[in-house]
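Down below is the structure, laid out as structure tokens.
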Amino acid sequence: MKGAQSMLKSHEKFHSENGKRLLLVADDELINREMMRVVLQDDYELVFATNGEEVLQEARKCKDVLSLILLDLIMPVMSGLEALQVLQSDSELSNIPVIVITANQNAEVESLQIGAYDFITKPYPQPDVILARIQRAIELHEDRLIISSTERDELTGLYNREYFYSYAEQFDQHHKDMAMDAIVVDINRFHFMNERFGAKYCDDVLRRVGKGLLSVVGKAGGIVCRREADTFMAYCPHGLDYEEILDKASVSFTEEESNGTRAWLRMGIYENVDKTIEIERRFDHAQMAADTVRGSFTKRIGVYDSALRDKEMYSEQLVADFDIAIKEQQFCVYYQPKFEIQSAVPTLVSAEALVRWQHPSLGLVSPGVFVPLFEENGLIQQLDVYVWGQTAAQIRAWKDRFDYVTPVSINVSRIDMYDPHLTDILLGILAQNGLSTSDLLLEITESAYTRDSKQIIDTVSNLRKLGFKVEMDDFGTGYSSLNMISELPIDALKLDMQFIRGAFATGGDTKMLEIIIDIADYLSVPTVAEGVETEEQMEALRKMGCDLVQGYYFSRPVPATEFERFLEERNKQAKATE
Ligand code: C2E
Ligand code: CA
Ligand code: CA
């Protein structure tokens, strides 16, 4: 109930402080229309009709912004009663509340029966009575719209996404010339907070963040919703103090619960929105802007600007070109070797398949650009299946030519992990190329495990039962707890590159790296270090007990034909020790 109240509050603000509602006054007598004008013009914008046909015309013209119709029942050409019947039977118009004006007592009953909201009898009552009845009808009608919307956010009492969008559109129609901002507010590392402080406490944080936002945005006549989990949206008149909004919404925890930690927010703003683009897209822009300050400790606010617009258009082009790229085989697979470094001579033990896009007009595009994009819209599944197929065919070709061929690891996106057919797809690709599960290694990013971990763990366990070896990629970035890792079904830990960077940067130290290698030891799984670029790094890692190394020191990712020199070398090595 509390939720409903706060919602009504913001909704009242929206009405009283911004513009006037539009009323249609239908009466065939000039004197009556003028009387109504005098009574109503301070509070409402007015349009007039002199007969039933004009009522329908005007209603159709203004249907999206019309708040109420005052309808005289006796009019020439088409009577008000007939007009009311047509209004009620038209699904686009039946939504507009109608107050009937009449001197005829019997007609009142009839008009109420066919859907009028209320009636006012002639001769007219006092102006304030008329105003009160109109106001009440409008409020009742609009509140009913809100309350009938079952999809409001239970937790915060704010609008939910759907209602918010439709209200924002309504808002625009009432205030066509008002400059507006679309704002997205996210809580940084909310996931982490949830783990640390518990769901109940974080629910309370969400409520308080919502309330803080509403206190500033609502006062200025804007509207607020919780879009999902820890993301809020606000649509408000341009020119608010963004810092103030963030400050009001950045609730503090009580001291003893958090040692002074605050919910740390980030904000994305699409200022002065272009109202010709869809409302959802305006908030996509704001979200993009918010993402630019994700993880930053110095910047809390991102603004959608021309650089972001260019980036967005670039992304859109990549998405648009995807189908053709698959068809025309513009994607190709590069291979980067992994070496075992604990033996006297580093030995090739496997490779990683990394996709590249040779785009006809944009040149070589890095997977660092398009993979995250395709993960967002699900295209990654199609791309991955393609890459896996290409890789398997390549392994097959090598097997036919070399005595000794290493397994190759493929990247399995966290999106792929939700596909119930994943296992069948992988087995199908192997069967098609006459390979077995020991020929493909699977790299699954750590962050895949931390979300929805139960389902992912089941899938991975099943894959391992079938004989696949699974490497946990980007280890150290997904915030898994040690406790959780010890229960994970994995065959190798692949350290994220940032640990190598951190350890060997000037002023860096290798502590973190040593700890992670110790963790892997404790779990009895081998460690793979990637991004190893120098001999010094390789030697240090060897001393720390790291098992496998991948990086520019040995080789960049290279096309299949170039990779063959590593296979040839390895075959020679194998022959020599036979
Ligand atoms: P990742 O799986 O962590 O792959 C390692 C990245 O590090 C590769 O970037 C590789 O080229 C780069 N790298 C390797 N050694 C060094 C080094 O010594 N120094 C530096 N600076 N970089 C090194 P790449 O190929 O651009 O791939 C970026 C990311 O894109 C990959 O990160 C992976 O997450 C994703 N990706 C690549 N191919 C695929 C694919 O086929 N499917 C999926 N789902 N994701 C892929
Ligand atoms: Ca990888
Ligand atoms: Ca990685």
Side-chain angles (χ1 to χ4, degrees), residues 318 322 325-326 329-339 341 350-358 363-394 407-419 422 425-426 429 440-448 469-478 490-505 527-538 540-541 546 548-560 562-563 566:
L318 294 182
F322 179 81
I326 289 276
Q329 310 216 331
Q330 292 168 11
F331 292 106
C332 59
V333 183
Y334 277 35
Y335 299 86
Q336 188 178 33
K338 298 182 201 174
F339 283 85
I341 58 167
S350 60
E352 177 174 7
L354 292 158
V355 67
R356 301 286 178 263
W357 186 351
Q358 188 62 61
L364 194 69
V365 187
S366 153
V369 173
F370 61 80
V371 165
L373 190 63
F374 294 161
E375 280 181 334
E376 245 167 59
N377 58 22
L379 288 176
I380 191 69
Q381 278 190 284
Q382 214 183 322
L383 177 62
D384 275 344
V385 170
Y386 176 83
V387 170
W388 303 340
Q390 296 283 309
T391 306
Q394 186 61 63
V408 178
S409 62
I410 51 173
N411 287 286
V412 181
S413 159
R414 73 189 153 75
I415 311 297
D416 302 320
M417 295 302 294
Y418 295 111
D419 182 357
L422 173 66
I425 291 172
L426 287 168
I429 288 173
L440 277 186
L441 307 172
L442 309 180
E443 293 192 11
I444 301 172
T445 181
E446 183 195 356
S447 58
K469 295 268 189 291
V470 176
E471 295 185 3
M472 187 191 260
D473 204 356
D474 311 319
F475 180 69
T477 59
I490 43 168
D491 300 286
L493 278 184
K494 201 167 179 189
L495 308 189
D496 191 71
M497 239 182 281
Q498 75 181 53
F499 294 107
I500 314 287
R501 296 282 166 279
F504 298 105
T527 41
V528 187
E530 68 182 328
V532 176
E533 294 184 349
T534 64
E535 175 155 20
E536 178 212 349
Q537 294 172 355
M538 202 267 290
L541 284 160
C546 176
L548 269 62
V549 156
Q550 173 183 353
Y552 295 175
Y553 171 66
F554 286 111
S555 169
R556 289 180 176 257
V558 292
E562 261 180 69
F563 184 77
F566 294 107

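Order of listing sets the numbers, starting from 1, for every ligand and every atom in it. Just so you know, these numbers come straight off a predicted model, no measurement behind them.
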>> If we count only N and O atoms by modelled type, under 3.5 Å, do the side chains of Ser409 and Lys494 hold a donor and an acceptor together?
In response: no

> Are any of the heavy atoms in Glu533 under 4.0 Å away from ligand 1?
Replying inline: yes

> Got Leu541 and Ile500 here, is their nearest side-chain heavy-atom distance under 4.5 Å?
Replying inline: yes

> Mind checking whether Phe331 and Phe374 have parallel, tilted or perpendicular rings, split at 30° and 60°?
Replying inline: perpendicular

>> With respect to the Ca ion (ligand 2), please indicate if Glu530 possesses an N, O or S atom at a distance under 3.0 Å.
In response: no

> Heavy atoms, side chains only, cut-off 4.5 Å: are Leu426 and Leu442 in contact?
Replying inline: yes

>> With heavy-atom distances below 4.0 Å as the criterion, list the atoms of ligand 1 near Val371.
In response: 36 (N), 45 (N), 46 (C)

> Does at least one non-hydrogen atom of Met497 fall below 4.0 angstrom from an atom of ligand 1?
Replying inline: yes

>> If you measure every N or O of Arg356 against every N or O of ligand 1, does any of those distances drop under 3.5 Å?
In response: yes

> Is any N or O atom of Asp384, backbone or side chain, closer than 3.5 Å to an N or O atom of ligand 1?
Replying inline: yes

>> Taking side-chain contact (heavy atoms from CB on, under 4.5 Å) as the criterion, tell me which of Leu441, Ile429, Thr391, Val333 meets it with Ile410.
In response: Thr391

>> For N/O/S atoms only: which one belongs to Glu443 and is nearest the Ca ion (ligand 2)?
In response: OE1

> Any idea which atoms of ligand 1 are less than 4.0 Å away from a heavy-atom of Pro557?
Replying inline: 11 (O)

> Can you tell me if Glu352 and Asn411 form a side-chain donor-acceptor pair at under 3.5 Å?
Replying inline: yes

> What part of Asp473 sits under 4.0 Å from ligand 1 if we count only heavy atoms: the side chain, the backbone, both or neither?
Replying inline: side chain

>> Which option wins on minimum heavy-atom distance to atom 27 (O) of ligand 1: Gly531, Pro367, Ser366?
In response: Pro367

> Which atom, among the N/O/S set of Asp473, is closest to the Ca ion (ligand 2)?
Replying inline: OD2

>> Between ligand 1 and Asn411, is the shortest N or O to N or O distance under 3.5 Å?
In response: yes

>> Under 4.0 Å, counting heavy atoms only: does Gln537 come that close to any atom of ligand 1?
In response: no

> Should the proximity of Asp474 to ligand 1, defined as any heavy atom under 4.0 Å, be assigned to the side chain, the backbone, both, or neither?
Replying inline: side chain

>> List ligand 1 atoms under 4.0 Å from Glu352, heavy atoms only on the residue side.
In response: 2 (O), 4 (O)

> Looking at Arg501, which atoms of ligand 1 are within less than 4.0 Å of one of its heavy atoms?
Replying inline: 19 (N), 20 (C), 21 (N)

>> Show the atoms of ligand 1 that are less than 4.0 angstrom away from any heavy atom in Gly551.
In response: 15 (N), 18 (O)

> Would Glu352 count as a contact for the Ca ion (ligand 2), in the sense that one of its N, O or S atoms lies under 3.0 Å from it?
Replying inline: yes

> Is Thr445 reaching over with its side chain to a backbone N or O of Ala448, donor-acceptor style, under 3.5 angstrom?
Replying inline: no

> Under 3.5 Å between some N or O of ligand 1 and some N or O of Gln336?
Replying inline: yes

>> For Arg501, is the CZ atom crowded, meaning more than 12 foreign heavy atoms sit under 6.0 Å from it?
In response: yes

> Heavy atoms, side chains only, cut-off 4.5 Å: are Tyr386 and Gln329 in contact?
Replying inline: yes

>> With rounding to the nearest 0.5 angstrom, report the CG to CD distance, Leu364 to Gln330.
In response: 11.5 Å

> Polar-atom distance check: Val355 versus ligand 1, any N or O pair below 3.5 Å?
Replying inline: yes

>> I'd like to know if the Ca ion (ligand 2) has an N/O/S atom from Asn411 within less than 3.0 Å of it, counting both backbone and side-chain atoms.
In response: yes

> Applying a 4.0 Å heavy-atom criterion (strictly less than), which segment of Glu530 is in contact with ligand 1: side chain, backbone, both, or neither?
Replying inline: side chain

